[in-house]
Number of protein chains: 2
Amino acid sequence: MNTSRAKAPAGVNLPALRHHNAALVLDLLRAAGAEGISRLELAERTGLTPQAVSKITARLRAEGLAVGAGLRPSTGGKPRTVLRLVPDAQFAVGLHLDRDGLTAVLVDLAGRSVAVTTAPLDFGAPAEKVLADAADAVRDLSAAEPHKPVLGVGVAVPGPLDHRDGVLHRVTGFPQWDGYPLRDALAERTGLPVTVDKDTNAAALTLSLSEPPGDFAYLHLGTGLGAGLVLGGEVHRGARTGAGEFGHQTLQLDGPLCECGGRGCIEALCLAAEARGDRAEAARVLGAGAANLVGLLDIDRVVLGGRTVAADEDAYVRGVRAVIEERAARGGGGGGVVVTVAGGGDRPVAEGAAQLVLAPVFGRVGERG
Amino acid sequence: MNTSRAKAPAGVNLPALRHHNAALVLDLLRAAGAEGISRLELAERTGLTPQAVSKITARLRAEGLAVGAGLRPSTGGKPRTVLRLVPDAQFAVGLHLDRDGLTAVLVDLAGRSVAVTTAPLDFGAPAEKVLADAADAVRDLSAAEPHKPVLGVGVAVPGPLDHRDGVLHRVTGFPQWDGYPLRDALAERTGLPVTVDKDTNAAALTLSLSEPPGDFAYLHLGTGLGAGLVLGGEVHRGARTGAGEFGHQTLQLDGPLCECGGRGCIEALCLAAEARGDRAEAARVLGAGAANLVGLLDIDRVVLGGRTVAADEDAYVRGVRAVIEERAARGGGGGGVVVTVAGGGDRPVAEGAAQLVLAPVFGRVGERG
DNA sequence: TCCACTTAAGCAACGCTGTTGCCAAAGTGC
DNA sequence: GCACTTTGGCAACAGCGTTGCTTAAGTGGA
């Protein structure tokens, strides 16, 4: 069962402290982007003394991860030196294995894709075949930056899996993947560390970098309906990496039959409304589920995405927002919740897969849930 | 809005490290109870070296927080010395302000109530009157252990509030509390640090100490229906301390009217079934909501409590379990989820209020959500 | 009864962390 | 040109957990 907390050796010694503070500074440098950030601002944000920040940034500069980037205007004294991340110091590969295609990206420390490959993929083919294609994509992309280290490979897949050991489970319609140790198999083929996660979690991870701080849920409405949760700056995966099962929540007791065998699942209701052209009703249904989620977790934002939403973003945003605001007005929680659509890159899932690898570098361990 | 993450000075210096490790060891000592735990076990659990644990425990003993408690049987060498927490080294006061009564407890470090007072309370009286009663209860209880330090006062109240600044909001039916700065007002009267939280969160906090590790939700079914969430060992409160709004989730689109003004709220459905004597249906409805929650968060356990559940624990446990297991069998998530009833003390809310004060001592900061 | 062996726990020296006190560098503005 | 402000590095330091070693306190076989 969930052993993540029970076994967590939470004791902190000096190397762990050093690593934590360095990662924290790196995270702030990343957030500052090309604009950069000064040592004193870093000190203020971290709560460390300016001198400690100087030492930490000196080490980061020696490792080639940070660099000076000009001066701020003086405010009456010596102007502040601005520091910024060196995005191409290290890279990570992100793979998105979908039912019909493979997308692979090489991502730099700033989160930008510097190389992309896409290819058709038969997810129903034998696992070894799919794995060989994936490994080829990793090899090709790594060659794009031959002299820079590639930290690892992140893989996003549609189905249920265990994020901790990287083993797939019961991928709907693809029984050959049940119990397949994807992480270890790909790690052996590529010689790189591999991290595996659900596609919705990867998308949520990408969003967590561009979204303002605070908790949010990413609701993905495409051929199905799923969710990725970001709580406290980290993706919430739950005990068995099963969190975000949003589509089969009951929204209509004893309602119409869903293909999962249940009744009144939000996914069935929402997609049925969409299929008969009643987009307002689809948005209202989605909004009811979103409002349930907002009330339960008291998050700051709801972010919508997926092909079905993209077809009419405005209708969905307005519909969902209306339900949430109406419930907030009744005192059901969720006042001030913001509803938006996922902007960001055009390959958010593959980029999020790469972020699975980069997250530890910036202190977003993600081992908690 | 949610500034908890943006402003969090996450930098760690040596005093912070020392405090963290000491709190971690204290937490393990508390978990070990009267039985105690050896230095080497502490080292194994924390990931620190035995020598570091020796130094930390030496400091704790010097402060009177830990003490030796006999020897383990030898395994062929020097027997291990067992250490245990000194429960009566420090205390905390917990207050439960309910609609019609006040319960106050003095709790030791082990979480046991060493003194209790209950009194009728008119929550609709002027705030100053209620506050005076509360302050009196605190003073009386503090006198029970005159020579030991009382760390602070934790207060659990029914309504919506902000845990961070301790201000109440829109307590249903009691407009005079809207915007009342309960934390600061009581802190001034008692001269002690005060922490305020929702009653369901306090109950969940108590349970988190006796329950096995892992994430769980406490569902309280009494005159209303609410939830407390424990994720990653800490109570999840959300951006505005509004998390756990479980009763007014929509479970039946366009269903019967709820007193909140919405339609098809789980609370209305569940209580209506209970009112007409259909306990099986009430349990089924509760189970559907619980299954929604389980799927969304992938928690390890669901814990039921409250007067209505207590009236027929077996029916509710079986009913809720049945719905969750049926959905898990369909692939909707939640396999292996355990459904139980809240055991623990007879004053779980007041004791949980006291735990709000004790949590930081054991490194459960709770500032994250 | 003795002695070799095992295991636990403290002492001392150490490396490394962030902190403090101080000073040089690099601007502004009268 | 000089007084002032602000930034940021250097050096010394206190305190953390770690390492190497010693002492304490048991077991068990000869």
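Throughout, a chain's letter reflects where its sequence line sits, starting with A, and its residues are numbered from 1. Only heavy atoms go into these numbers, but all of them, side chains included; no hydrogens, no water, no symmetry mates. All of these numbers come straight from a predicted model, not from anything done at the bench.
- The local environment of CD in A/Glu188 is sparse, with at most 12 non-hydrogen atoms from other residues, nucleotides or ligands closer than 6.0 Å.
- Across the protein-nucleic acid pair, A/Leu71 atom CG and C/dG27 atom P stand 7 Å apart, rounded to whole Å.
- If you measure from atom CG of A/Leu48 to atom P of D/dG8, you get 16 Å, rounded to the nearest angstrom.
- For A/Leu83 and D/dG8, the CG to C1' distance is 11 Å, given to the nearest whole Å.
- Note on A/Leu14: a base of the nucleic acid sits closer than 4.0 angstrom, heavy atoms only.
- Contact annotation: B/Arg59 side-chain N/O to D/dG17 OP1/OP2 distance is under 4.0 Å.
- In this structure, NE2 on B/His163 lies 6.0 Å from CG on B/Leu356, to the nearest 0.5 angstrom.
- Between A/Asn21 and C/dT17 there is no side-chain polar atom (N or O) within less than 4.0 angstrom of OP1 or OP2.
- Atom-to-atom, CD1 of A/Ile56 to P of D/dG8 comes out at 15 Å; the value is rounded to the nearest Å.
- Per the geometry, CZ belonging to A/Arg18 stands 16 Å off C1' belonging to D/dT18, to the nearest Å.
- Put simply, the side chain of B/Ser74 does not reach to within 4.5 Å of the side chain of B/Arg80, judged on heavy atoms.
- Between D/dC16 and A/Asn13, no contact under 4.0 Å exists linking OP1 or OP2 to a side-chain N or O.
- Residues satisfying the side chain to side chain contact (heavy atoms under 4.5 Å, CB included) criterion with A/Leu71, sequence neighbours excluded, are A/Pro79, A/Thr81.
- Annotation for A/Val107 and A/Leu358: closest pair CG1-CD1, 4.0 Å, computed over non-hydrogen atoms.
- Counting only heavy atoms from C-beta outward, the side chains of B/Leu297 and A/Leu297 approach each other to under 4.5 Å.
- Ionic pairing of B/Arg72 and B/Glu35 is not present here: no N-O contact between side-chain nitrogen and carboxylate oxygen is shorter than 4.0 angstrom.
- A/Glu41 places its CD atom 10 Å from the P atom of D/dG8, with the value rounded to the nearest Å.
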Original post:
Can you give one letter per nucleotide of nucleotides 1-12 of chain C, going 5' to 3': B for a protein heavy atom under 4.0 Å from the base, S for sugar-phosphate only, - for none?
Top reply: -----BBBSBBB
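- The separation between A/Leu17 atom CG and D/dG17 atom P is 10 Å, rounded to whole Å.
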